[in-house]
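Accompanying notes for the structure given below.
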Amino acid sequence: MDEVLRHYPDAGEPLTCKPVTQGLLNHGYRVSTTRGSYFLKHHLDDSTGDRATIVRQHRATQRLQSLGVPVAPPVEDTEGDTVTEIGGRCYALHPWVDGRHRAGAQLTAAQSQRLGALLGAVHTGLEQVMEAGTGLAGRSGGYRSPDPADTFALIDDLLAAVRRRRPRDSFDELAEHRLLERRTLLEQHADRRPPTPDIPATGWVHGDFHPLNVLYRGTDPVAILDWDRLGVQPRAEEAVRAAVIFFVQPAGKLELEKVRAYAGAYRRAAGAGAAELAAAVHRVWWERLNDFWILRWRYCLHDRRADPQFPAVSALAVWWTREYEAVCEAFTG
């Protein structure tokens with residue numbers, strides 16, 4: 001820490017450094033100095049941790065702040081740089097923002113509406129501040145949706161891993177049940193796979209908009225954090241993914257009234273039409289039906305940090321399939 005802070009003399013002398021436990025990919029620390037509190041980020045994710053990518057993220061947040069989007073751009077060092085590289089690893093120092101995270105259950109309908117408008121402002125703001133054409137090299141078409149044949153093979157591999165477990169616990173029992181259930185659902189709905197879009201996505205998105213990356217002070221969102229996944233993707237799909245994370249209940253249902261308030265505000269702020277949202281709902285539903293990242297972490301990578309999310313996430317895919325029309329209406333109506 002001392003070596004990093006030497007690049008930021010205006011930040012003061014270090015007093016304490018405490019790890020921030022939330023976050024799955026990078027390491028973060030709350031640093032207290034003689035001049036205040038800061039968030040020190042150690043970029044570890046190989047896919048987003050190179051210097052050029054981090055600098056692009058930083059420039060985007062600086063520009064978004066000038067548009068009034070609540071962000072926490074990094075502190076500049078004595079040379080005007082925002083990335084410090086030590087031993088081949090990259091670090092960035094941000095002002096510490098006091099606040100708390102709020103899940104969808106803690107938001108009213110009016111606050112859900114405000115959340116949707118905030119994401120719409122992010123997308124329109126990024127459209128203004130990011131250079132046209134960046135991030136599109138080598139892409140002649142849109143993103144392919146998951147192939148059920150690949151998913152069936154993955155289900156077989158995961159089932160074999162689950163059944164080898166000794167001793168088995170309640171998680172393993174639930175995992176086997178959900179894998180068998182999902183295989184049946186995919187067999188029933190394989191003909192609903194979304195087609196690959198003819199043209200690539202052109203919208204810049206935050207890439208990881210969920211409750212742990214939005215800070216509130218009281219009822220006001222004061223900072224959108226963690227721009228590591230900033231990139232070009234279909235913007236409406238980010239809106240749907242975010243809503244699914246914010247508004248899923250422990251039993252796997254979505255709070256559709258809050259989704260409706262959120263989605264209506266997003267459409268107005270982003271200028272997105274109902275057809276765009278309907279297509280996004282379909283693609284994200286299909287994505288969720290084919291997705292087993294939590295089980296891959298547990299059984300392939302032996303990483304259990306995401307295990308607590310599995311009961312709700314796995315139940316959501318089943319509920320969403322059953323309530324597909326109601327979910328689509330909440331996003332488009």
Side-chain angles (χ1 to χ4, degrees), residues 1-45 48-86 89-103 114-115 117-119 121-123 125-126 128-130 204-230 242:
M1 178 188 70
D2 290 352
E3 188 173 358
V4 174
L5 287 183
R6 275 199 289 272
H7 293 260
Y8 305 91
D10 292 342
E13 296 297 319
L15 299 173
T16 62
C17 180
K18 298 179 179 179
V20 176
T21 56
Q22 292 166 325
L24 295 175
L25 296 178
N26 299 299
H27 291 169
Y29 306 88
R30 180 172 185 172
V31 176
S32 295
T33 76
T34 52
R35 295 186 180 174
S37 294
Y38 298 89
F39 175 72
L40 176 62
K41 184 167 185 175
H42 182 185
H43 290 265
L44 292 170
D45 184 15
T48 61
D50 65 282
R51 186 184 189 92
T53 299
I54 299 168
V55 168
R56 185 176 67 185
Q57 297 160 11
H58 291 173
R59 296 293 176 265
T61 57
Q62 290 169 333
R63 294 164 181 162
L64 285 173
Q65 187 179 54
S66 70
L67 298 178
V69 178
V71 289
V75 177
E76 294 183 349
D77 66 14
T78 51
E79 304 297 322
D81 294 327
T82 57
V83 179
T84 298
E85 197 167 348
I86 298 174
R89 291 294 188 180
C90 292
Y91 300 82
L93 191 69
H94 298 258
W96 182 265
V97 180
D98 285 316
R100 60 190 290 260
H101 304 290
R102 295 168 66 95
R114 187 171 183 185
L115 180 68
L118 176 62
L119 183 57
V122 168
H123 289 172
L126 287 171
Q128 295 179 56
V129 305
M130 301 303 292
W204 282 90
V205 299
H206 175 276
D208 203 17
F209 194 84
H210 60 69
L212 292 183
N213 285 336
V214 181
L215 271 181
Y216 282 82
R217 193 173 299 141
T219 61
D220 298 324
V222 292
I224 303 168
L225 311 173
D226 195 357
W227 292 79
D228 290 358
R229 300 296 184 189
L230 173 71

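One is the number of the first residue; the rest follow in order along the sequence.
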Next on the checklist: Can you give me the closest heavy-atom contact between Ile224 and Val122, atom names plus distance?
Outcome noted: CD1-CG2, 3.4 Å

Checklist entry - Looking at side-chain heavy atoms only, is the closest gap between Arg114 and Pro221 below 4.5 Å? => result yes

Checklist entry - Can you name the closest pair of heavy atoms from Gln57 and Leu230 and give their distance? => result CA-CD2, 3.9 Å

Checklist entry - Hey, is Asp50 close enough to Arg56 for a salt bridge, meaning N to O under 4.0 Å? => result no

Next on the checklist: Whether the side chain of Arg30 engages the backbone of Ser37 through a donor-acceptor N/O pair (distance < 3.5 Å, no angle test) should be reported.
Outcome noted: no

Item to check | Pro95 to Pro73 - nearest heavy-atom pair and separation | outcome: CD-O, 3.1 Å

Next on the checklist: Measuring only between side-chain heavy atoms, which start at C-beta, is Leu64 closer than 4.5 Å to Leu126?
Outcome noted: yes

Checklist entry - Which is it for Val20 and Phe39 under the side-chain contact (heavy atoms from CB on, under 4.5 Å) test, yes or no, and what are the steps along the way? => result CA-CA 9 Å; Val20 176; Phe39 175 72; 4.0 Å; yes

Item to check | Contact check, side chains of Thr61 and Pro74, non-hydrogen atoms, under 4.5 Å | outcome: yes

Checklist entry - Once you round to the nearest 0.5 Å, how far does OG1 of Thr33 lie from CG of Leu40? => result 12.0 Å

Checklist entry - If only atom types and distance count, is the side chain of Asp81 paired as donor or acceptor with the main-chain N or O of Glu76 below 3.5 Å? => result no

Item to check | From CA spacing to verdict: side-chain contact (heavy atoms from CB on, under 4.5 Å), Asn26, Asp228 | outcome: CA-CA 10 Å; Asn26 299 299; Asp228 290 358; 2.4 Å; yes

Checklist outcome for this item: Heavy-atom nearest pair, Ala92 first then Thr82, reads CB-O, 3.7 Å

Next on the checklist: Just so I know, are the side chains of His27 and Leu44 near enough to count as touching, which here means a heavy-atom distance under 4.5 Å?
Outcome noted: yes

Checklist outcome for this item: Rounded to the nearest 0.5 Å, the OH atom of Tyr29 sits from the CG atom of Leu93 at a distance of 13.5 Å

Checklist entry - Do you know which two heavy atoms are closest between Arg217 and Asp98, and how far apart they sit? => result NH2-O, 2.9 Å

Checklist entry - Do the side chains of Pro70 and Leu118 get nearer than 4.5 Å, heavy atoms only? => result yes

Checklist entry - Do His94 and His58 have ring centres separated by under 6.0 Å? => result yes

Checklist entry - Just how far is it from atom CG of Asn213 to atom CH2 of Trp227, taken to the nearest 0.5 Å? => result 9.5 Å

Checklist entry - Under 3.5 Å, is there a donor-acceptor pair between the Tyr38 and Ser32 side chains? => result no

Item to check | Tyr216 six-ring centre to Arg100 NZ/CZ under 6.0 Å and within 45° of normal | outcome: no

Item to check | Check: His101 and Leu215 side chains under 4.5 Å, non-hydrogen atoms | outcome: yes

Item to check | Side-chain (His206) to main-chain (Leu225) donor-acceptor, under 3.5 angstrom | outcome: yes

Checklist entry - Thr84 and Tyr8: side chain to side chain donor-acceptor pair (under 3.5 Å), yes or no, with the steps? => result CA-CA 10 Å; Thr84 298; Tyr8 305 91; 2.9 Å; yes

Next on the checklist: To the closest 0.5 Å, what do you measure between SG (Cys90) and CZ (Arg51)?
Outcome noted: 6.5 Å

Item to check | Heavy-atom pair of closest approach, residues Tyr91 and Val4 | outcome: CG-CG2, 4.0 Å

Checklist entry - Quick one: CD1 on Ile54 to NE2 on His43, what's the gap to the nearest 0.5 Å? => result 4.0 Å

Checklist entry - Between Asp77 and Arg6, is the closest basic N to carboxylate O distance under 4.0 Å? => result no

Checklist entry - Looking at CD of Gln65 and CD of Gln62, how far apart are the two atoms once the value is rounded to the nearest 0.5 Å? => result 8.0 Å

